[in-house]
Number of protein chains: 2
Amino acid sequence: MSTQQAELPQRLREACAVCSLKELCLPRGLDGPDLMRLDTLVERRGPLHEGDHLFRVGDGFQALYAVRAGSCKTYTVDSEGREHVLGFHLPGELLGLDAIYPGRHLCNAQALDTAVVCVLPYEQVSDLAGQIGGLRSQLMRLMSKDIADTAALAGDFTAEERLAAFLNGLSERFRQRGYSPVEFQLAMSRRDIANYLRLATETVSRVFARFENDGLIAVNRRSVRLLDLPRLRRLCAAMTGMRG
Amino acid sequence: MSTQQAELPQRLREACAVCSLKELCLPRGLDGPDLMRLDTLVERRGPLHEGDHLFRVGDGFQALYAVRAGSCKTYTVDSEGREHVLGFHLPGELLGLDAIYPGRHLCNAQALDTAVVCVLPYEQVSDLAGQIGGLRSQLMRLMSKDIADTAALAGDFTAEERLAAFLNGLSERFRQRGYSPVEFQLAMSRRDIANYLRLATETVSRVFARFENDGLIAVNRRSVRLLDLPRLRRLCAAMTGMRG
DNA sequence: CCGCCGAGTTGACGTAGGTCATGGGCCGCT
DNA sequence: AGCGGCCCATGACCTACGTCAACTCGGCGG
């Protein structure tokens, strides 16, 4: 009992303050006791190493995962062997929502670097969502956001619009998490970016080069500096306008 | 009181048996009393006429909508004036899930023909979802499915794969609703199909023609007959394989 | 019945981005 | 230090699809 009481704050810090439970709970103001109840569900898993899989296509769906540290990509491989990257997940973001419907994972989730995740057993989270309105509504909001984001990516846009939106989105996400929105390291390869944006890696390279020539960004391998955010925003206005 | 009691079965039939509440409730076996409680929430709206809007970008999010008769499309117009069709909605399908997150509608919803919808006030549905586990889980499943479907559309596929997947998906949806899976009317124009699949209308025309020449389908304006389902399925295996 | 109009089709041509091929640079391994 | 492998970049060329333009067809109003 006393060990449990001692453990709670630790897990609370990890799960709620660092990973997406913060995002899950705080916006609708869950209070201390509710956070505690949520906290008791959370397990940590990791560290995963670069290339390790968190789950694979076909795995039974048991839990949602929240990235605590490092980053992951989710992807599928189609019957022609082409890889489609569905998303990149930074600390504080949730994985696995698309597996709820069929009850098994439709994509693979792989660590892009050393990563730690929180495991959220779905049945229990769902039960708790029944009891706590704020949690329920926040889960719905997250899923809703996923739909809108994916729809934006599905749109018909040029390579430049896509890459600009990608950089802009990353910048925004880093900013929200307290990191620099103008200078960051890419966790993913050109190949991953290309498969995410539905471009060839060569095209990604070329557009990066073009952006650099135009003074929009400075890029060296995986480190990126955004030099002209306003212009970058204008470049992808068409895409981001779709969702906001 | 007696009028209420008399009305319930009527609305129950309309909302639960015909439109997507059936889909919402039945798979997890909601029972009579639960259905009744859900039923009291439901309002009918319509008939909408071709071209009428159910909601528009920026409208406050109040309710989800379930198509009861006819069909709708959801779409956005980006800053360059290009229209992006996000989806087509047949009787029994739910609209508006992407509006939960931002609390206002991100897309327009328009009737493709004479349509009737059921209005599901979101706050009340959400409360009820807190009380009824089956409803909650079914809502989550529907959102989850939306994510996976949109992701499939976002993938990098050829015009042929896209159109084949489109026809195949329609066929499947008609079959599920008890209509012929091989012969049906398209409610939407070539232009809508093109904007949905991210192709030019001319390309849609040409691929239709190619499919017809290859003996895959017979098509005349908006009436379609699928002549070789197995081959059609093989054509879009890459795409549908992604989600299942 | 005719003339109009928008939806759909078809052909000729243009282009964004894919493909293929080459080379440089960084890293880990021996 | 030297080597092999992968990631990235860049140039030359190719193609799936878009664009533009002409034409057909069916529906509707007068």
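Scope of the values below: all heavy atoms of this structure, side chains included, with no hydrogens, waters or symmetry mates. Order of the sequence lines fixes the chain letters, A, B, ..., with proteins taken first and strands second; residue numbering starts at 1 for each chain.
Remark: A/Arg210 engages A/Glu160 in a salt bridge (charged side-chain N to carboxylate O under 4.0 Å, His left out) (not counting sequence neighbours). Legend: residues meeting salt bridge (charged side-chain N to carboxylate O under 4.0 Å, His left out) with A/Arg175, ordered by chain and number and at least two apart, are A/Glu172. Listed by chain and residue number, A/Glu212, A/Arg225, A/Leu227 satisfy the side-chain contact (heavy atoms from CB on, under 4.5 Å) test with A/Ala218 (two or more places apart in sequence, or in another chain). Applying the side-chain contact (heavy atoms from CB on, under 4.5 Å) test to B/Arg222 and every residue at least two apart in sequence or in another chain returns B/Gln185, B/Leu186, B/Ser189. B/Ser144 meets the side chain to side chain donor-acceptor pair (under 3.5 Å) test with no other residue; sequence neighbours excluded. Judged as a side chain to side chain donor-acceptor pair (under 3.5 Å), and not counting sequence neighbours, the contacts of B/Asp228 are B/Arg231. Residues passing the side-chain contact (heavy atoms from CB on, under 4.5 Å) test with A/Phe174 are A/Leu90, A/Leu170, A/Tyr179, A/Phe184, sequence neighbours excluded.
In this structure, A/Phe157 atom CZ and C/dG17 atom P are separated by 13 Å, rounded to whole Å. Regarding B/Leu199, its CG atom lies at a distance of 11 Å from the C1' atom of D/dA16, rounded to whole Å. Spacing between atom CG of B/Asn213 and atom P of C/dT9 amounts to 12 Å, rounded to whole angstrom units. Straight-line distance from the CG atom of A/Asn195 to the P atom of C/dG18: 11 Å, rounded to whole Å. The CZ atom of A/Arg198 sits 13 Å away from the P atom of D/dC17 (whole-angstrom rounding).
The existence of a salt bridge linking B/Lys73 and B/Glu83 is confirmed by a sub-4.0 Å separation between a basic side-chain nitrogen and an acidic carboxylate oxygen. Salt bridge status for B/Arg198 with B/Glu161: absent, with no side-chain N to carboxylate O gap under 4.0 Å.
Overall, the helix from C/dC1-D/dG30 to C/dT30-D/dA1 carries an axis bend of 40° between its ends, with five pairs at each end and the value rounded to 10°.
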Pairs under 3.5 angstrom only: tabulate donor-acceptor contacts from the side chains of residues 46-63 of chain A to other protein residues two or more places apart or in another chain.
from	atom 1	to	atom 2	distance (Å)
A/Asp52	OD2	A/His49	N	2.7
A/His53	ND1	A/Arg56	NH2	3.1
A/His53	NE2	A/Tyr75	OH	2.6
A/Asp59	OD2	A/Arg56	N	2.8

Could you tabulate the donor-acceptor pairs under 3.5 Å formed by side-chain atoms of residues 200-207 of chain A, not counting sequence neighbours?
none

Tabulate protein N/O versus nucleotide N/O from nucleotides 3-5 of chain D, keeping only pairs under 3.5 Å, one per line.
none

What does the list of N/O pairs under 3.5 Å between the protein and nucleotides 7-11 of chain D look like, with a distance for each?
from	atom 1	to	atom 2	distance (Å)
D/dC8	OP1	A/Arg222	NE	3.1
D/dC8	OP2	A/Arg190	N	2.8
D/dA9	OP2	A/Arg190	NE	3.0
D/dA9	OP2	A/Ser205	OG	2.5
D/dG11	N7	A/Arg206	NH1	3.1

